[in-house]
Structures are given as C-alpha cells and as structure tokens.
Amino acid sequence: MNSKKNGLAPISALKYLFKKPHTVRYPKEDLEVFSIKGISPNYRGFHTNDLEKCIGCGNCARVCPASAIEMVEYDDVEPANKFANTMRPTIDYGRCCFCGQCVDVCPTSSLQMSRDFIHSFHPDSSLSPEEEPESVVKDFIWRPDQKHADNPGYLRPEGDLFGKVIDFDRNEPRKEAPSERKLSFAKFVHTYSKEEAEKEATRCLGCGACVEACPNQLHIPQYIAAISKGDPEESLAWIYKRNPLPLICGEVCTHQCEEACVVGIQGEPLAIKWLKAYSSENVLKYQDVVEEKKMEPNGKKLVAVGAGPASLSFGYYAKLLGYDVTIYEAEDKPGGAMMWGIPKYRLPKEELMKDINAILDLGIKLKTNVKIGKDISFDKLMKDYDAVFVGTGNSKPMTLRIVGEDLPGVMQGLTFMKLVNEEKTPELKGKRVVVVGGGNVAMDVARSSVRLGADVTVVYRRRIVDMPAALEEIEEAQEEGVKFVETGVPLQIYGEKRTEEFEYAIASLVPDPKGGRPRPVVNDKSPHMKIKADYVVAAIGQHPNLDFLPEDMQKKIGFDGKHVPVDDYGRTNIDGLFFGGDLSNRRQDIISAIGAGLRAAKGVDLYLASQK
Amino acid sequence: MELRPLNVSSTNKRKRYELFIGPNHPGISGNFSYVLEMEGHKVADVTPDPGLLHRGFEKLMERRLWTQNLALVPRICVPEPDVNEVAYCMAIEHLAGIEVPKHAQYIRVMVLELARIASFLFGFGGVGGTTGLYTAPNWAIGDRDYILDLFEWLTGGRVYHIYQYPGGVKNDIPDGWLEKLSDLLDYLESRLPEYDNLIFRNPIIRDRLKKVGYLSAEDAIENGITGPNLRASGVNWDIRKTQPYLVYDELDFEVPITGNGDSYARALQRRLELEESIKILRQCIDQIPDGPYKVKIPNPFEFRVPAGSYYSKVESSRGEFGYYVVSNGDVKPYRVYIRGPSYSSGLYYAKKAMNGMRIEDVPVWIHMMDICPPDFDR
Amino acid sequence: MLKYVKTLNSMGLKARPLGDWEFEVLTPKERVAETLSYLKGSGFETFIHLMCVDWIDDGEFELVYNVESYGEAIQALVKTRIPREKPSMMTMMNLWGLCQVYEREIHEFFGIKFEGNPNLEQFFLENWMDLPPLRKDFDTKEFSEELFGFKEDESHGIKAPERIEYK
C-alpha cells in the first residue's frame, strides 16, 4: 500500500460528491444483489405455518431458545391424521429472535419462515392508557398461518431431510437371514447392543405424540430419554409405572406408538418396541429397580379369572394397592394367549416367564388347572371375593362354514398354535399347509409351519395391503418363503379320509362406500382355483367364551357374543364384576389388555372405597 | 455509579473534575463508559463503569440446550458475531469427537474472514468517529453493508447469522454466491486505495494517531493484549498460524507485523490484515472441495456432549476469543466461560495506558485498541 | 512441550498433554503460585484467563489459569480445586497484575475471596445482594420470578397426556 503522507490525498474523496449514492431508496428501489429481487431468498422473516399439515406436536415450542412459541387450541383446523391434535403454535414477536431453530426441528415441514419482516403497530387512540398495554401485547403475538406463504424465505422443504436437525434413519436391530431363521424356532431378532440402543434413542424428540397413540399411555419419551442417557434401569422404572410385562411388549407389541411417531412422518419412526426390549432385557431383576411402592395389605380379597396379560396387570397393580389377589387359570401354565398363541421365535418362553414371575413374586396367588364354572362355580367367586375381574380373552375360534370343514387335517389357528407351543404338531415336513386369514395369528401359523418344514400358502379374502397383520410380519413371512393368495375366498375342502384339496374363488373387490376396507364379492364369473392341501388352518378370528358365566349374568352385563361393554375402569352393570382384555377392548392386543388391567385395578379400588 | 460533585476549589490551579466518556460516544461501543478523573485536560485516573450492560450469558447458557445456545452466543459481540459461533461449536465438536467435513471447514473460514473484514472496516473506518473525519465511517459502514448482503444470502440473517452448528454449518452455499463473493472482493480491493488516500495518507489523521498510546512488546505480553494490537507492537503471534484451526494450515497468507506500537500502527495493522483476509477468501473460492456441509448430530433434545472440558480459541479481529466449555454429559452445558479479547485491555490495561493521556486522545486510544465491552461484560 | 510436562511431573504435580499445543497441570491450592511462577519463568509470559467452575456435587470450586508461551506456541492450563465452604485463594497479582480484574470477577460471580487482592468490589453487577450468581445453587428462574412477580409457563401450552393412574 502507499502510505506516504500526502495532504492532497484525502481531497480525492471529493469526487464521490458527483457519483451515484450507494443507498437503496426503499421502497422505490430494492436490493438487486441476490438471485431474486428484494431481500435474501432464504431470509429469516415472519413465520408461516401450514395449519393443515401441522400436527401440533409442539417441538417448535420446546426448541425455541427464547420461549416465544406457545401452543394454543385452534378450533378451525382439521387434524392432518388420526394422531394429530388441534394445538397450533402462536409466536410472540416480542420474544422471537428469528434464529430459525423451530423451522429446523419441524417434523412435517409445515412451519417455515418468509421474507416479510416489516411490521408497524398503529395504536388505537380511542383506548384508555390502561388498556393500551393489552392491545400492544395482542399486536405482537401472531398466529402464523398462511399470511406470508407466497413469499417463502428460510425453509426446510420436505425433501431436505439432511438439513433438518432430526435424524430420520432408523437403526434396525440385527436379524438372522430368512434362510437361517426358517430352520428353527430360535429368536431371530437380536436385541440392541448398548451402542445401537443409545444411537436409536437419541433420535427421539421427546414430544410425546406416541403417548396418545399408546392404548395404555406409557411414559415413552421418559423411558427413551433414560436409554439415551445410558441408564436402562431408570428406563425400566418408567416402563413399569404402567406396564408390568415390559419384555413381552418389547418383543411382540403391536406398537401403535411407532405409527404416531413424528419422526416417521418424513422418515422412519423410532423403534420404540425394540428400545423397550433393550431396557427390560438389560435389567436382571425388575423389582430391584422398580420404584413403585407396595402399600400395606388392606385385607380385601380380589380374584382374577384367566392368567392372561389383563389379569396379570390387574393383579400387579391391585397388589401394589394392598389387595390380596388370586388368579385362576384353566391351563397348567400362566400367560394365556401369550403362552399358547405366540410362537417361540417371536417370544421365547423364558422371556415370557421372566415377566410373569416378576409379577407373581410380589405375592399373587396363581391357581392353575382350575376351570371356573366346572371346578368352582362363578357365583361362589362372586360371594367369596370382594371383587371379581374377568380377563379370559377370546378363546372360541370362528369357523370357515364351508363344506369339508370337518375333515381331519382341518384345524383352527389357535388350536394349531397351541400344538406348536407344546411341540405336539403332526409331522409337517414336506406337507402342504393352507392358512386362511390375514391376521397376526395367520402369520404365526404360516411362519411356524415353515419352521416345521411345510410348504405354506396363505389365502386371504382381500389384498395384502388390507391385512390386519403387522406389515413387518407379512414381509418377514414372504422372505421366509410363504406364498400369498390375494382375494381368495374359501369354497370347499375336498378329501376322502382327510384333507386333500382346497378350493377357493378369486373375488373382486368392491370399495366400501363408508371408506373402510374394500369388500370381497364372489359371483358367477369369479374364477375357481384348487390347490393341494394336506392341512388347512383357519385363522380367521376368535370370539370370547363366557360359558362359565350364568346366563342371566351374561344378559345383565350386555354380552353380545363378541363384546362385553365396560366403562373406562372396566366396570360392568353388575357391582363388583370387572372385565378387561380382549373381551371388552376395542383393540385386541397385549398392551390394551395391560391397560384394561391397570384401569380395572383403579376401578376396583374406587368401587371398594365407595362400598364402605 | 454516582457522580461526585465537581471539585471547584479555587485554590487548585488545575481543576480536578470527573468526566464520563461513553456510553454514547463514537469511540465506545456497547453500553459501557469510562469515568475519567481529569486534571485540566489530562487524565489522572480512570474507572471503568460497566453500567447496565451485564446480560448473564454464561448463566443463561447453563439453562439451555447445547444447540439452543447457538442463538445466544453471537449476541456477545456485535461487530463480529461469527467467532462466537465457531469457537463454541469447535469446543463442542472437540468434546463430542465430531469430525467436521472439509467443505464445511472452508465455509467456516470464509464466514470468519468475511466477518473479520467487516469488523476491520468498523475498526479503521471508525477512526473518523473519534477524530471528526466522518467520511471514513460512512464509507466503511457502506462497504460493510455489501458484506452483510452476502451474509444475508448465505445465512438468512444480516448481523446475527446463527449459521454454525455442531458438525458443520446449517446450509450449503447457495448457487452464485461464490461468484458474488469474488465480485465483492474485487470491489473491496478497488476501494483500498481510496481508504489509503482518505485515512492513512491524511496528515491530520496521522498526526492524531501517531505516538498515541504507545505499547511496547513487553507490555503487550505482560498485559494479555492479543490479536492485531499485539502484532502492532511487534510480536509475531497469530493463532491462525501458530496453532492452526479449521483449514488455515492449507491456506497461504502472511501475517503483517507493523511493530510501532502506537495507534497509527494499530490502524495500519488492521488495514494490512484486511488485504490478507481478501487473499484468504480468494484461495477459499478456488480451493473449496465438494462434500457435505455438515455431519448429522443427534437432535437438540437428545444431543448430549460427553463429559469433559475444552478451551477452544479463535483469532478474532480484536484478539484471542476463547470458549472454555465444561460438560458433565448432559443435554445442557455445565459451564461455559467466554474469554473476550477486550477484557485485559478494556478493564486492566486501560487504567495504565490512559494515565496522563490528553482528553482528545482517549477516544482514539479506546477505538484503536478496538475495545468492545460486550465481550468482557457478557 | 513434553519437557514441561516431565518437569512438572517431577515436581510432584499431575501434568499431561491435551493436544498438539496444550497441556494441563493439576495442582493443590498451595502450589498454584509455585507452578505459575515456574511457568512464567519458562516463557509462559502471557496470562490468557482465569475461570471458575462450581462442582457443587463435589463441594468444590475448580479454578483454571490459562497461560501461553508465545515463543514455543504452547498453552498451559493450571487447574486447582478449592473447597466450596468459605472459599479463598491467594492472589496471583504479583505474577500478573492483570489477575486483579479476573479475580475480582470471580469473587463477584462465585464469592471466592482472593487474599491480597486490594479491590474485590462489585463491578459488573449493581447492588447485588443475592448469592453470587454463577454458583450452581443460584436459581435464575426463581430469582426472576420473585423479582418481577411473573410466572413463566414452562409447558409452552403443550398439554400433558391424559392418563388413568392406578393410584
């Protein structure tokens, strides 16, 4: 540089007097430096929020470093999906620092920022000085709906998963290859290692959208956060607050929570189920870490019928409340459908017993091989105990109602699964098995048969996408070599002495005008197909069996052959009689049954308190 | 602080009186002031008065998530906010063992150097504010605005960019930005001779700046003076060279040493370093490799930094800017200490340096030491 | 750098390198002056900062002195722990006059008394009567709620899920 002293040098600046000024005369002129006219294309100005896309998860409000965002109830929005709520963010521009962290964390990309940033406040001169602060406050708290949507600025569009601060990629647990796992009944999903579990747990945003979706509202964000802290024991303590069968749910839960997970809207949802399995598998003795305190025994006696998940949960929480609980079970082992219905490759029996024993160790009396109605009359139970809980579930299988159903070789799904679990199935190696149905039981039957060496075809009357079974079950069954026949309606089973051939019709699907699943219709033109079948297993659902109840009682509680109507606390029309589990739940799965048991324990407590 | 009544005793030949300099003074940035005890037109004693500047950043950060703090840290230093973001992120990355992609490191260097240029423009352009040559700050602020335009394009914000993120930066460089940057560098370079003519060759400015606030190399080291001020005293020390961070070791640049130790040397030092920054930016434009602009870290709610402590430092336009970050493995920092470069000069050395100084030299000294009170009263 | 680490270790202090250009020294409170004067004599002439961490669970304050050698481009962190009860420390002003302002700040924000420092008056805070604010047991939220009579809604309007509890 030239830094020689020169008195004339500064004078040269005078030439700028005659040059065009650099100032931009806004609003007559605007900046022209960017790729578009005006301010920067990704300017962080006022927010816009697509209210139809927003699901009200509140992550923006929680991440805001200035606490500028508050969720408020909106009455003019439609929830975007069945898990969304009608809470929407409002932004206090007196606090907002326009950092854009809310946009980065938005799991639906509904919240964005615009290029608008000019706002002027016109005070209402008619207001009294006392009212003025109120009107100023109103002016600065904004509801960011579509006001500035035509001028988008800083945003994270749906395709920009990398730019967001959420990790969208799920870490699946290691699984055995299909060719390996179909050889035996060994569990083929490896529980997470510590590193895998912590990595998966750190994907959780902690918003709790899953909690609303869970039939039993577990403390999901809390137990996942405990895992990411590296503390499976604290995690289990959170799970145990509402779920005394953690390992079972970790392995086989229907995980509605994962459908609601906000990370799953644009990416893959968290593996909440496998995380639960991780913490319960890594705690040796549950009762060492559980913080729930047992209350003093209060001398009242309760009984539960059927040792399934509903009764076990009922027994556990009633025991904590100080009641003396007895559970009657008709079979020789507890567990109900979990013991007899779920194959070992999904839930090893020792894992099942770990959970059940932890509950029974609390001092709950379990009486196996006792059939209510036969060994003890139900009236006697009602008389001898302060309250009765019935959690017998669905045990009466539905039948196909077609010709040939009484041939040997035709079985019901649950009966077949019981044989599988008792290892008493007939030799299936090289045999052809046809499974009718598309639920989880059908998948269990099909995959168990594959493991026993059979050639399996699943016939379902709708499409695969309509199947009620979990998607991963269907995919894994396909990987293991199960064949699927869509829109197949069973017609007849042929055979001399035993099953030989199975005939079905290919139905056409008629859309349901109510928006439900399409209805299969068979008419004269439907093609008929026949396949060879050594065994036909009908897994098309079950009904409850309440034969042990006196008939007048069945009538009084409103049993319609399928359901027993109950209130939130499992109460029926008869005082002191409570129902729970598949008998009365809308969803027929383990976690719903556990929830019903917990609520019934509270219901019994309320009932007995009111009796005093 | 209460003002003592003026000492109007007529027996004193020279009147002793108190004089506030700041908080509203072109030589002082931030709500800070010095209370000068004057003896005639000479300073007899100096008391720094922080006023109501303290905002408790360090405490606030302990209550917020690691990444939430990124909206907070740039506010510690207005003229050059990016050093805060980068130093804070570098400390987190060191503790968490995160490797930042090369592409992102180049972007960081570009952001830092642009911010340095903007801050230098404030620095030597602002000299007009303290000496009455108002053309200089007008030019400097105007030219700084062109840099802010580029920041706005890159980050979405003009002054507080909130652009750094542990693991990289928040956005990639937009299309056409590098070309615009290249144009800007050409423009800035064409402006340098004009600044030279206006400021550095200007006899009045030279007389006002030369021999004001002489600082020897020994005194500078003893009093913890860092950055351009240290180099203006003749000590060859630049963290970018001696303990290189980011990709500074891949870039070819000189560290000018003026060495006279007076205010003019300090102004000149900044002017020369600005030229080097332009050189660095040119190399970045040519050398920047392709690649991802960040690595993904866990989401803000579950981002835990492993327990430990680390002091990360960045050579800012006024010296060593350091973040001492302590983590106990939680989702929030356990303690963050911020070492602002003005701390030693503004609070401690000011008392020594200003003693006996003439009143008209005080703003010149304050400004040319580039004392930015927000970085020590955080 | 290794030679300093070695010498410091031979002095009975715990020193270890942290990176390419920095090392830390753990010293007991009484030997801080000795360590720092050794370092200053060995070329660590610049005092970068003094900071404090409140380890409330251990009942201790940790003081970190950061000094730098421009000649060799090495930075040394001298760390010491002092009890949290009636904390006091000797001043390092005789080594670096600069310590005066750093010690004043720590006294203000942590309440550590520096013996020998002539001016430990309040500086940044005005008329502060409460606990020293950077101590971990000082709750900013409680303080501001009390001072301004305002309750911050920490739920941000997000409703807690509805649950039927068994108790």
Side-chain angles (χ1 to χ4, degrees), chain A residues 1-13 15-16 21-24 31 33-35 39-45 59 62-66 97-101 104-105 113 153-154 162-169 198-199 201-207 221 224-225 228-230 263, chain B residues 64-65 67-72 75 133 135-136 139 142-143 145-146 149-158 160 162 165 170-172 174-176 180 192-194 196-206 268 271-272 275 292-294 296-304 329-331:
Chain A
M1 66 177 283
N2 179 2
S3 60
K4 248 176 87 185
K5 189 167 167 179
N6 184 343
L8 291 177
I11 313 266
S12 68
K15 66 175 180 266
Y16 283 91
H22 289 219
T23 334
V24 177
L31 288 179
V33 274
F34 309 116
S35 50
I39 54 166
S40 154
N42 63 343
Y43 194 80
R44 297 194 303 259
N59 282 317
R62 294 193 306 127
V63 85
C64 180
C97 65
F98 297 92
C99 63
Q101 294 190 16
D104 291 338
V105 86
M113 283 169 130
Y154 182 80
F162 184 67
K164 287 202 185 178
V165 296
I166 306 172
D167 185 355
F168 289 97
D169 298 326
E198 282 171 18
K199 187 154 186 276
T202 52
R203 295 174 61 223
C204 177
L205 293 165
C207 59
I224 294 184
S228 90
K229 261 191 279 179
V263 181
Chain B
R64 280 170 175 72
L65 301 171
T67 56
Q68 277 186 333
N69 284 327
L70 287 165
L72 202 60
R75 283 154 227 275
L133 177 68
T135 313
W139 281 11
D143 287 343
D145 248 39
Y146 290 115
D149 283 346
L150 283 191
F151 272 134
E152 186 184 322
W153 195 359
L154 180 66
T155 69
R158 281 183 86 79
Y160 297 132
I162 316 180
Y165 203 73
K170 276 178 129 183
N171 296 58
D172 210 349
D175 289 341
K180 264 271 155 23
L192 286 177
E194 307 279 347
D196 294 345
N197 282 339
L198 185 70
I199 302 171
F200 297 98
R201 305 180 70 184
N202 190 332
I204 304 171
I205 297 282
R206 288 168 78 105
L268 197 61
R271 156 70 182 78
L272 294 173
E275 227 165 320
Y293 58 90
K294 68 170 181 185
K296 275 241 179 189
I297 59 163
N299 70 61
F301 307 108
E302 286 299 333
F303 180 48
R304 289 183 164 78
D330 206 356
V331 291

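Reckoned from all heavy atoms, side chains included, excluding hydrogens, waters and symmetry mates. Chain A is the first sequence line, chain B the second, and so forth, proteins listed ahead of strands; every chain is numbered from 1.
Only the backbone of B:Leu154 comes within less than 4.5 Å of a heavy atom in chain A; its side chain stays farther off. Of the atoms belonging to A:Tyr16, it is side-chain heavy atoms, and not backbone ones, that fall under 4.5 Å from chain B. Contacts of B:Lys180 with chain A are made by side-chain atoms alone, with heavy-atom separations under 4.5 Å and no backbone atom involved. When heavy atoms are compared at a cutoff of 4.5 Å, B:Glu194 approaches chain A solely by way of its side chain, counted from C-beta outward. When heavy atoms are compared at a cutoff of 4.5 Å, B:Leu192 does not approach chain A at all. Only the side chain of A:Val105 comes within contact range of chain B, with at least one heavy atom under 4.5 Å from a heavy atom of that chain. With a 4.5 angstrom heavy-atom cutoff, A:Leu205 touches chain B via backbone and side-chain atoms both.
A side-chain donor-acceptor contact under 3.5 Å links A:Tyr154 and A:Asp104.
Of all the listed residues (A:Thr23, A:Ile39, A:Asp167), the one sharing the greatest number of non-hydrogen pairs under 4.5 Å with chain B is A:Ile39. Of the residues considered (A:Ser12, A:Ala13, A:Ser228, A:Gly230), A:Ser228 shows the highest number of contacts with chain B, using heavy-atom pairs under 4.5 Å. With chain A as the partner, the residue from B:Lys170, B:Arg64, B:Arg75 showing the most heavy-atom pairs under 4.5 Å is B:Lys170. Taking chain B as the reference chain and counting heavy-atom pairs below 4.5 Å, the highest number among A:Leu31, A:Ile11, A:Val33 is found for A:Val33. Ranked by heavy-atom pairs under 4.5 Å with chain B, the list A:Ser35, A:Ser40, A:Pro41, A:Ala66 is led by A:Ser40. The residue among A:His22, A:Arg44, A:Arg62 with the most heavy atom pairs within less than 4.5 Å of chain B is A:Arg44. Options B:Leu65, B:Ile297, B:Thr67 differ in how many heavy-atom pairs under 4.5 Å they form with chain A, and the most are formed by B:Thr67. Heavy-atom pairs under 4.5 Å with chain A were tallied for B:Pro174, B:Gly157, B:Pro292; the largest tally goes to B:Gly157.
By the salt bridge (Lys or Arg N to Asp or Glu O under 4.0 Å) test, B:Lys294 is found to be paired with no residue, residues two or more places apart in sequence or in another chain being considered. Residues satisfying the salt bridge (Lys or Arg N to Asp or Glu O under 4.0 Å) criterion with B:Arg271, sequence neighbours excluded, are B:Asp196, B:Glu275.
Between B:Glu302 atom CD and A:Lys229 atom NZ the span is 9.0 Å, to the nearest 0.5 Å. Rounded to the nearest 0.5 Å, atoms CG (A:Asn42) and CH2 (B:Trp153) are 10.0 Å apart. Expressed to the nearest 0.5 Å, how far OH of B:Tyr293 lies from CG of B:Asn171 amounts to 6.0 Å.
In this structure, B:Lys296 places its NZ atom where more than 12 heavy-atom neighbours from other residues, nucleotides or ligands lie under 6.0 Å away.
Looking at B:Arg158 and B:Asp145, a side-chain N of the basic residue comes within less than 4.0 Å of a carboxylate O on the acidic one, giving a salt bridge.
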Would you check, one step at a time, whether the test side chain to side chain contact (heavy atoms under 4.5 Å, CB included) holds for B:Ile205 with B:Phe200?
-> CA-CA 7 Å; B:Ile205 297 282; B:Phe200 297 98; over 6 Å; no
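For B:Tyr160 and A:Phe98, the ring centers are positioned 6.0 Å apart or more.
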